[in-house]
Undergrad: 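Quick one: this structure, given as structure tokens, is what I'll be asking you about.
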Amino acid sequence: MTSSSFLISAISSGSGKTMLTLGLLRALRNRGYGVQPFKCGPDYIDTKFHELASGKKSVNLDLFLSSSEHVKNIYNKYSQQADVSVIEGVMGLFDGYEKSLGSSAHIAQTLKKPIVLVLCPKSMAYSVAAILYGYKYFNPELNIVGVIFNRVNSENHYKILKDACDDLGITSLGYIPENDAFAVPSRHLGLSLEQGVLIDELAEKASNIIEKQIDIDNLLSITKTNRISASPLTSNRNITKLKSAVALDEAFSFIYKENIEYLEQRGEVAFFSPLHDEKIPEADFVYLPGGYPELYLEKLHQNKLMQQSIRDYVEHGGKLLAECGGMMYLSACIVDKDGCKYPMTGIFDQTATMQNMKLSLGYRHFELNNIKVKGHEFHYSHTEGNLKSIAQLYNAKGSEVSTKLLRYKNTIAGYTHIYWAEMDDLMTLFE
């Protein structure tokens, strides 16, 4: 059996590949195709946009956080039942954590997938031929099959761009005119019902434009391939069964799908809400992921019963992992951007603050209890306090970073979003 699969990449960030991906996912869904979205890299926001557009959970593919074998296995696992598999790239095609390592090109080469480029030809016309020539021949092992032009001035402008594609033997699949409906969504939307409706509306508007402007039938034709049977993922059957409780609501939602799959393979997984519930479920392991706690400070502060439930669990030695927003929630208080303080659970004697916001971003790795751990950091807040880190963290290039990893009893917390789906036993971190 055959299906279509391809990676959407770009010349650079800001080219419009996210909105194009959302619009294409929705257009394919509206046509009745079973579509499976993927995201290159550690991004846990675009995957939520993918889900809203396609109705299917999106899966991260990351060659820093995991091995090539793991990436191949999870891609095959989720794509084998899909009519169309769409991988959204990250940054420019060749931008990785070390030269092109971990880049969209690296993912495409690993999975042997064709590439569709998104290019914004602002202030140029036939000169795009030189750019496309470089992208086509820079790495001969890549298969760049098509180009979609974004923010094109006119039909006459597009005719010149198409001539450039024809001369290079690359299929021009159409163009998107300059259009406000193709604006990139905010990176700080949260997941309220109102904001979910906004993304849904954007995806629908984008799909309408794509149906008119892009040759979807040709795109599916030139990216058709034979389906690959998924190899079973290896797992350690001797690992002790776990009953896990995972926070999931408007405030806490930055979760890698494969991390939850890992927990489900090891036992029962229950979800709970620090915003709406009064206590955590009975569990051997509690996970507080990142998210947007700063948007729900009053409600988190007022839910005293949940705070006490978490304190009781921690004080009795329960194993708990808190990341980024989850770590902020375990602080003594969170300060909003206006300076208002909201007391929180108080597990860690520190203040998390949104004042003087500055982006901290990048891959992280460290070693704890002889286990090598990899993750990603993305936040605007910072913490204030004198707590000591239990591990030295490093960036992708091996340089030391100031990010801390905290521990109190069996609670481990920090800004790093850990990818544990390939670990033998996550619980080893708590020894």
Undergrad: Could you check if a side-chain atom of Met344 sits within less than 4.5 angstrom of a side-chain atom of Leu300, using non-hydrogen atoms only?
TA: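 Yes. Closest side-chain heavy atoms under 4.5 Å.
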
Undergrad: Is a donor on one side and an acceptor on the other found under 3.5 Å between the side chain of Asn395 and the backbone of Arg364?
TA: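 No; zero donor-acceptor contacts below 3.5 Å.
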
Undergrad: One thing to verify: whether Lys372 and Glu367 come together as a salt bridge, which I'm taking to mean a side-chain N less than 4.0 angstrom from a carboxylate O.
TA: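 Not counted as a salt bridge, because no side-chain N and carboxylate O are separated by less than 4.0 Å.
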
Undergrad: Answer yes when Glu98 and Lys397 have at least one side-chain N-carboxylate O distance shorter than 4.0 Å, and no when they do not.
TA: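 The answer is yes: the pair qualifies as a salt bridge.
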
Undergrad: Taking only residues two or more places apart in sequence or in another chain, which ones pass salt bridge (charged side-chain N to carboxylate O under 4.0 Å, His left out) with Arg26?
TA: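 Partners of Arg26 under the salt bridge (charged side-chain N to carboxylate O under 4.0 Å, His left out) test: Asp200, Glu204.
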
Undergrad: Which residues satisfy the ring-ring contact (aromatic ring centres under 6.0 Å, His included) test with His376, sequence neighbours excluded?
TA: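 For His376 the ring-ring contact (aromatic ring centres under 6.0 Å, His included) partners, ignoring immediate neighbours, are Tyr363.
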
Undergrad: Strictly by modelled atom types, are Ser67 and Glu422 linked by a side-chain donor-acceptor pair under 3.5 Å?
TA: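 There is such a pair (donor and acceptor under 3.5 Å, judged by atom type) between the side chains of Ser67 and Glu422.
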
Undergrad: Can you find a pair of side-chain heavy atoms, one from Pro177 and one from Gln213, that are under 4.5 Å apart?
TA: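 Contact flag for Pro177/Gln213 side chains = yes.
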
Undergrad: Verify whether the ring centers belonging to His301 and Tyr329 lie closer than 6.0 Å.
TA: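 Not under 6.0 Å, so no.
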
Undergrad: Using the rule ring pair (Phe, Tyr, Trp, His ring centres under 6.0 Å), only one of Tyr262, Tyr419, Trp420, Phe64 pairs with His70; which is it?
TA: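 By the ring pair (Phe, Tyr, Trp, His ring centres under 6.0 Å) criterion, His70 pairs with just one of Tyr262, Tyr419, Trp420, Phe64: Tyr419.
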
Undergrad: Side chains of Asn303 and Gln307 only: does a donor on one sit below 3.5 Å from an acceptor on the other?
TA: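 Distance-only check fails for Asn303 and Gln307.
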
Undergrad: Pick out which of Leu406, Val314, Ile347 makes a side-chain contact (heavy atoms from CB on, under 4.5 Å) with Leu330.
TA: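 Per the side-chain contact (heavy atoms from CB on, under 4.5 Å) rule, the option paired with Leu330 is Ile347, out of Leu406, Val314, Ile347.
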
Undergrad: Between Phe6 and Pro114, is any pair of side-chain heavy atoms under 4.5 Å apart?
TA: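 Yes, at least one pair of side-chain atoms sits under 4.5 Å.
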
Undergrad: Would you check if the distance from the ring center of Tyr44 to the ring center of His417 is below 6.0 Å?
TA: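 Judged by ring-centre distance (under 6.0 Å), Tyr44 and His417 do meet the cut-off.
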
Undergrad: Would you give the length of the straight line joining atom NZ of Lys341 to atom OG1 of Thr351, rounded to the nearest 0.5 angstrom?
TA: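 It is 6.0 Å, given to the nearest 0.5 Å.
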
Undergrad: Is it true that the side chains of Lys113 and Ser5 contain a donor and an acceptor less than 3.5 Å apart?
TA: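 The answer is yes; a qualifying pair exists.
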
Undergrad: What's the shortest heavy-atom distance between Arg151 and Ser15, and which atoms?
TA: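 Minimum heavy-atom separation between Arg151 and Ser15: NH2-C, 4.1 Å.
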
Undergrad: Just distance, no hydrogens or angles: give the donor-acceptor pairs under 3.5 Å from side chains in residues 318-327, sequence neighbours left out.
TA:
{"residue": "Glu323", "atom": "OE1", "partner": "Tyr287", "partner atom": "OH", "Å": "2.7"}
{"residue": "Glu323", "atom": "OE2", "partner": "Ile418", "partner atom": "N", "Å": "3.0"}

Undergrad: With a 6.0 Å cut-off on ring centres, are Phe254 and Tyr292 close enough?
TA: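 Aromatic pair counts; centres sit under 6.0 Å.
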
Undergrad: Within the side chain of Asn259, is there an N or O that forms a donor-acceptor pair under 3.5 Å with the backbone of Ala421?
TA: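 A pair under 3.5 Å: yes.
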
Undergrad: Would you say Asn60 and Glu258 are linked by a side-chain donor-acceptor pair, where the criterion is simply a distance under 3.5 Å?
TA: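 Distance-only check fails for Glu258 and Asn60.
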
Undergrad: Considering non-hydrogen atoms only, spot the tightest contact between Glu278 and Ser309 and give its length.
TA: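 Nearest heavy atoms, Glu278 then Ser309: O-CB, 4.1 Å.
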
Undergrad: Tell me if a side-chain donor or acceptor on Asn76 pairs with a main-chain N or O of Lys72 at a distance below 3.5 Å.
TA: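 Flag set: sc Asn76 to bb Lys72 pair under 3.5 Å.
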
Undergrad: Step through it carefully: locate the ring centre of Tyr75, locate the ring centre of Phe38, and say whether they are under 6.0 Å apart.
TA: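 Here the rings of Phe38 and Tyr75 have centres that are less than 6.0 Å from each other.
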
Undergrad: Within the 4.5 Å heavy-atom criterion, are Leu119 and Asn150 side-chain neighbours or not?
TA: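 No, every pair of side-chain atoms sits at 4.5 Å or beyond.
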
Undergrad: Do you know which of Leu117, Thr18, Leu24 makes side-chain contact (heavy atoms from CB on, under 4.5 Å) with Ile8?
TA: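 Only match with Ile8 under side-chain contact (heavy atoms from CB on, under 4.5 Å): Leu24.
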
Undergrad: List the steps and the verdict of salt bridge (Lys or Arg N to Asp or Glu O under 4.0 Å) for Lys409 and Glu315.
TA: CA-CA 7 Å; Lys409 294 191 173 183; Glu315 291 298 337; 2.9 Å; yes

Undergrad: Going by an N to O cut-off under 4.0 Å, is there a salt bridge joining Lys243 and Asp284?
TA: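 So Lys243 does not pair with Asp284 through a salt bridge.
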
Undergrad: Do Ile334 and Thr353 have side chains that get closer than 4.5 Å, going by heavy atoms?
TA: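 With C-beta onward as the side chain, the pair stays apart.
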
Undergrad: If you measure from the Lys or Arg side-chain nitrogens to the Asp or Glu carboxylate oxygens, is any gap between Glu211 and Arg31 under 4.0 Å?
TA: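 Between Arg31 and Glu211 there is a salt bridge, with a charged N closer than 4.0 Å to a carboxylate O.
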
Undergrad: Atom CD1 of Ile210 and atom CD1 of Ile148: how far apart are they, to the nearest 0.5 Å?
TA: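 Ile210 atom CD1 to Ile148 atom CD1 measures 7.0 Å (nearest 0.5 Å).
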
Undergrad: Would you say Glu377 and Thr403 are linked by a side-chain donor-acceptor pair, where the criterion is simply a distance under 3.5 Å?
TA: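 Side chains of Thr403 and Glu377: pair found under 3.5 Å.
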
Undergrad: Are His50 and Leu25 close enough that some pair of their side-chain heavy atoms sits under 4.5 Å apart?
TA: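 Side-chain contact under 4.5 Å: yes.
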
Undergrad: Taking 4.0 angstrom as the limit, do Lys257 and Glu261 come out as a salt bridge?
TA: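 Glu261 and Lys257: salt-bridged.
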
Undergrad: Do the rings of Tyr394 and His365 sit parallel, tilted or perpendicular, given the 30° and 60° boundaries?
TA: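 Ring orientation, 0 to 90° scale: parallel.
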
Undergrad: State whether a side-chain donor-acceptor pair under 3.5 Å links Ser331 with Gln350.
TA: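 Side chains of Ser331 and Gln350: pair found under 3.5 Å.
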
Undergrad: Closer than 3.5 angstrom, by distance alone: can the side chain of Asn410 be matched with the main-chain N or O of Gly317 as a donor-acceptor pair?
TA: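 Yes, Asn410 side chain to Gly317 backbone: donor-acceptor pair under 3.5 Å.
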
